[in-house]
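Order of the sequence lines fixes the chain letters, A, B, ..., with proteins taken first and strands second; residue numbering starts at 1 for each chain.
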Amino acid sequence: MSKKAKTAITPTREENFPDWYQEVIKAADMAENSPVRGCMIIKPYGYALWENMQSVFDGMIKALGVQNAYFPLLIPLSFISREAEHVEGFAKECAVVTHHRLEAGKDGGLVPAAPLEEPLVIRPTSETIIGDAMSRWVQSYRDLPMKLNQWCNVMRWEMRPRMFLRTSEFLWQEGHNAFETEEGAREDTHKMLDAYADFAENYLALPVIKGEKTDDERFPGADMTLTIEAMMQDGKALQAGTSHYLGQNFSKSCGIKFQGREGGEEFAYTTSWGISTRLVGAMIMAHGDDDGMIMPPKVAPHHVVIIPILKDDQDSAAVLDYAEKLAARLKEQGIRAHLDASDERTPNKMWGAIKKGVPLRVEIGGREVEEGTLTHVRRDIGRDSKASCSVDEFVNGAQGILDQIQADMFARAQKSLESRIHDVSNVGDVESFYKDGGVGFVKGSADILSDAAFEKVAKEHSLTARCLPFEDKGNKVIIGKSY
RNA sequence: CGGAGCGUGGCGCAGUUUGGUAGCGCACCUGGUUUGGGACCAGGGGGUCGGAGGUUCGAAUCCUCUCGCUCCGACCA
């Protein structure tokens with residue numbers, strides 16, 4: 001064994017961040033690649049995380065009056081071309097279904113046999129098909145606002161897929177709201193962005209910058225796109241959620257019109273908003289360390305993993321019994337406790353829990369059983385946080401420890417974000433910052449974007465305008481490399 | 001679609017330059033000793049070396065063509 005601290009993940013973040021990322025996913029058993037390029041298999045542990053995220057956010061939007069529904073995967077080709085900018089933005093990423101039957105071919109393989117009269121597009125997003133439904137459902141101003149959401153998969157043919165961050169098929173929620181007035185819709189666009197920021201910061205421990213996208217970065221077909229931008233540990237930006245004000249673009253192309261208060265025919269103002277499984281990637285890259293994943297307690301599949309340290313059979317029964325009782329008591333408190341009763345060797349169980357990022361680990365052996373105590377360790381801090389206490393004390397205090405972990409994770413991420421936003425006053429500053437190997441974002445006057453020299457600098461260092469932050473009232477711009 | 005790298009038991013790799021009976025670590029199975037931050041001993045199972053052609057007495061190794069994966073760029077959530 002070498003003297004150098006052994007990390008559970010190789011390479012380390014510093015050695016090779018992209019490889020480290022992939023290894024964390026594998027080590028935590030969250031997902032794997034599928035036989036089809038660009039698609040991924042989300043394994044039970046990774047999916048459990050997504051389910052928790054869904055459940056939290058679903059509750060948030062229902063509290064805002066949103067109703068869930070489900071719209072079809074397949075969209076008539078003609079629908080996609082209804083909104084001019086929308087087509088242009090999505091056309092090249094669309095997967096198209098052209099046939100509906102397979103038959104035995106000449107060389108024994110199966111070949112598509114029956115061409116469709118009108119090809120179908122696998123939804124890259126559902127504005128058009130939901131717009132079509134809304135056009136039938138909205139008759140009067142009394143039907144507004146209408147707030148619909150669906151949890152589903154979408155497909156965008158990607159040139160360069162990366163697990164969770166950019167896969168051809170991904171899971172998300174897409175919300176589609178329709179309003180009587182422009183003000184109502186604009187206000188809603190902000191409200192949904194606020195929900196995203198709340199979700200990211202308070203549940204995923206992911207600090208974000210709220211702002212508006214620049215013209216080039218806007219959603220195809222939107223008049224305004226709002227975003228929450230997060231920073232990963234390598235200093236790159238990740239667009240973590242977007243909320244779009246669509247004006248009357250889609251209501252006009254989909255025919256969402258209603259009879260107004262004065263009796264006249266009016267077009268609705270619509271919004272759409274989405275977050276995806278990409279957020280899983282964001283959490284990995286924002287919180288993970290060289291030993292693997294670190295789950296934010298509020299969405300972690302397991303809050304506490306209990307590891308029984310078993311010696312001989314006689315002892316084992318007592319230890320297991322003790323551990324089971326502890327698990328039951330924790331569950332009563334609403335804590336997701338997981339007893340690892342597998343017959344893995346003890347160190348493997350421990351490293352397994354570390355790599356999976358379970359926030360709190362409890363170790364129980366013969367000693368603890370005799371004393372009525374247990375040993376616990378925080379994942380985010382590691383062995384330095386190892387402590388011993390009575391079972392009662394732990395059962396009463398566990399939620400507090402989890403809350404502390406959640407708060408500390410957010411504070412760490414926020415500090416990392418804030419310390420890596422650098423003020424610049426002109427394009428020259430931007431260039432020299434990245435040329436000198438600067439890591440993170442730069443922030444300066446929004447005028448930088450219209451400087452003729454910006455385009456070249458941006459291209460050279462793969463920079464994009466991330467957003468015009470609200471906190472600067474649109475006068476400043478955040479620029480950075482991004483995923 | 002460009003640039004770089006890689007395809008060898010479940011996973012990670014060596015072997016390829018210089019052709020000669022396919023190896024190592026981890027994992028797995030059996031038995032035993034072990035167990036508080038990655039145990040040990042002994043025995044064992046598992047691979048048509050990504051695929052197709054070719055050269056050769058003989059190909060993981062040489063030649064041609066293909067397919068796929070990863071990273072970096074262009075496009076994007």
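- Considering only side-chain N and O atoms, A:R160 lies under 4.0 angstrom from the phosphate OP1 or OP2 of B:rG73.
- Of the nucleotides present, B:rG68 is the one that pairs with B:rC6 by Watson-Crick or G-U wobble criteria, both distances under 3.5 Å.
- When the options A:N153, A:V154, A:T277 are evaluated for a side chain to side chain contact (heavy atoms under 4.5 Å, CB included) with A:W172, the one that passes is A:V154.
- Residue contacts shown for A:A240 are absent, as no nucleic acid heavy atom lies under 4.0 Å away.
- In the set B:rC75, B:rG37, B:rC72, B:rC75 carries the atom at the smallest distance from any side-chain atom of A:K92.
- The residue A:E93 sits close only to the backbone: its heavy atoms come under 4.0 Å of sugar-phosphate atoms, none of a base.
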Step-by-step salt bridge (Lys or Arg N to Asp or Glu O under 4.0 Å) determination, A:K26 to A:E23: CA-CA 5 Å; A:K26 205 186 291 182; A:E23 286 304 315; 3.6 Å; yes
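- Between A:R162 and B:rC72 there is a side-chain N or O to OP1 or OP2 distance below 4.0 Å.
- Nucleic acid contact for A:G366: base, since at least one base atom lies under 4.0 Å from a heavy atom of the residue.
- Judged by distance alone with a 3.5 Å cut-off, no donor-acceptor contact links the side chain of A:R166 to the base of B:rA77.
- Rounding to the nearest 0.5 Å places NZ of A:K443 at 6.0 Å from CD1 of A:I421.
- Of all nucleotides listed (B:rG12, B:rA74, B:rG38), B:rA74 comes nearest to the side chain of A:S462.
- Between the P atoms of B:rC40 and B:rG9, the separation comes to 25 Å (whole Å).
- Residue order along RNA chain B, read from the 5' end via each residue's closest nucleotide, puts A:K386 first among A:A458 and A:K386.
- Between B:rC26 and A:N348, no contact under 4.0 Å exists linking OP1 or OP2 to a side-chain N or O.
- Residue contacts for A:N33: at a heavy-atom cut-off of 4.0 Å it reaches the sugar-phosphate backbone alone, with no base atom in range.
- Nearest nucleotide to the A:D19 side chain, out of B:rA74, B:rG37, B:rU70: B:rU70.
- Judged purely by atom type and a 3.5 angstrom limit, A:Y45 uses its side chain to pair as donor or acceptor with the backbone of A:K356.
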Verdict with reasoning, A:R329 to A:D392, per salt bridge (Lys or Arg N to Asp or Glu O under 4.0 Å): CA-CA 9 Å; A:R329 288 186 64 188; A:D392 285 346; 2.9 Å; yes
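- For the P atoms, the distance from B:rG45 to B:rU34 is 28 Å, rounded to whole Å.
- Within the nucleic acid shown, A:T375 comes within 4.0 Å of at least one base atom, counting heavy atoms only.
- Spacing of C1' atoms, B:rA74 relative to B:rG3, comes out at 12 Å, to the nearest Å.
- Distances shown here put every side-chain N or O of A:R156 at or beyond 4.0 Å from the OP1 or OP2 atom of B:rA77.
- Using a 4.0 Å heavy-atom distance criterion, A:K355 is classed as a base contact.
- For A:P18, the listed nucleotide lying nearest its side chain is B:rC71; candidates were B:rC71, B:rG37, B:rC75.
- Rounded to whole angstrom, the span from the CZ atom of A:R345 across to the P atom of B:rA27 amounts to 9 Å.
- In this structure, A:D216 atom CG and B:rC75 atom P are separated by 11 Å, rounded to whole Å.
- Nucleotides B:rG46 and B:rC29 have their P atoms positioned 16 Å apart, rounded to a whole Å.
- Across all strands, A:L238 comes closer than 4.0 Å to no nucleic acid atom at all (heavy-atom distances).
- Mapped onto RNA chain B by nearest heavy atom, A:F170 and A:P161 fall at different nucleotides, with A:P161 at the one closer to the 5' end.
- Nearest heavy atoms, A:A28 versus A:K355: CB-O, 3.4 Å.
- In this structure, A:R37 does not reach the B:rG68 phosphate: none of its side-chain N or O atoms is under 4.0 Å from OP1 or OP2.
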Check against salt bridge (Lys or Arg N to Asp or Glu O under 4.0 Å), A:E158 and A:R37: CA-CA 9 Å; A:E158 289 296 340; A:R37 176 180 163 79; over 6 Å; no
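- Nucleic acid contact class of A:Q239 (heavy atoms, under 4.0 Å, all strands): sugar-phosphate only.
- Within the 4.0 angstrom heavy-atom criterion, no nucleotide atom of any strand lies near A:T464.
- A:E368 contributes a side-chain N or O that forms a donor-acceptor pair with the base of B:rG36 under 3.5 Å.
- Nucleic acid contact class of A:T242 (heavy atoms, under 4.0 Å, all strands): none.
- A straight line from NE2 of A:H461 to C1' of B:rG73 spans 15 Å, rounded to a whole angstrom.
- Atom CD of A:E344 and atom P of B:rU34 are 21 Å apart (whole Å).
- Closest approach to the A:I309 side chain among B:rC75, B:rC71, B:rG36 is made by B:rG36 (side chain taken as heavy atoms from C-beta onward).
- With rounding to whole Å, A:E460 atom CD is found 15 Å from B:rA74 atom C1'.
- When heavy atoms are screened at a 4.0 angstrom cut-off, A:F219 is found touching no nucleic acid atom at all.
- Using atom C1' as the reference point in both B:rU21 and B:rG38, the two lie 37 Å apart (nearest Å).
- Pairing for B:rG43 is with B:rC29, a Watson-Crick or G-U wobble pair whose two hydrogen-bonding atom distances lie under 3.5 Å.
- In the interface, the side chain of A:R383 is not paired with the base of B:rG36 through any donor and acceptor atom under 3.5 Å apart.
- The shortest distance between the side-chain N/O atoms of A:Q22 and the OP1/OP2 oxygens of B:rC71 is below 4.0 Å.
- In this entry the distance linking NZ of A:K26 with C1' of B:rU70 reads 10 Å, nearest Å.
- Atoms CG (A:D29) and P (B:rC11) sit 14 Å apart, rounded to a whole Å.
- Nucleic acid contact for A:I354: base, since at least one base atom lies under 4.0 Å from a heavy atom of the residue.
- Comparing the same atom, P, in B:rG15 and in B:rU56 gives a spacing of 29 Å after rounding to whole Å.
- Note that CG of A:L310 and CD1 of A:I364 are 10.5 Å apart. Values are rounded to the nearest 0.5 Å.
- If you check B:rA77, B:rC75, B:rG37 against the side chain of A:R278, the one that comes closest is B:rA77.
- Rounded to whole Å, the distance from CG on A:N16 to P on B:rG5 is 16 Å.
- Between A:D290 and A:R13, at least one side-chain nitrogen of the basic residue sits less than 4.0 Å from a carboxylate oxygen of the acidic one, meeting the salt-bridge criterion.
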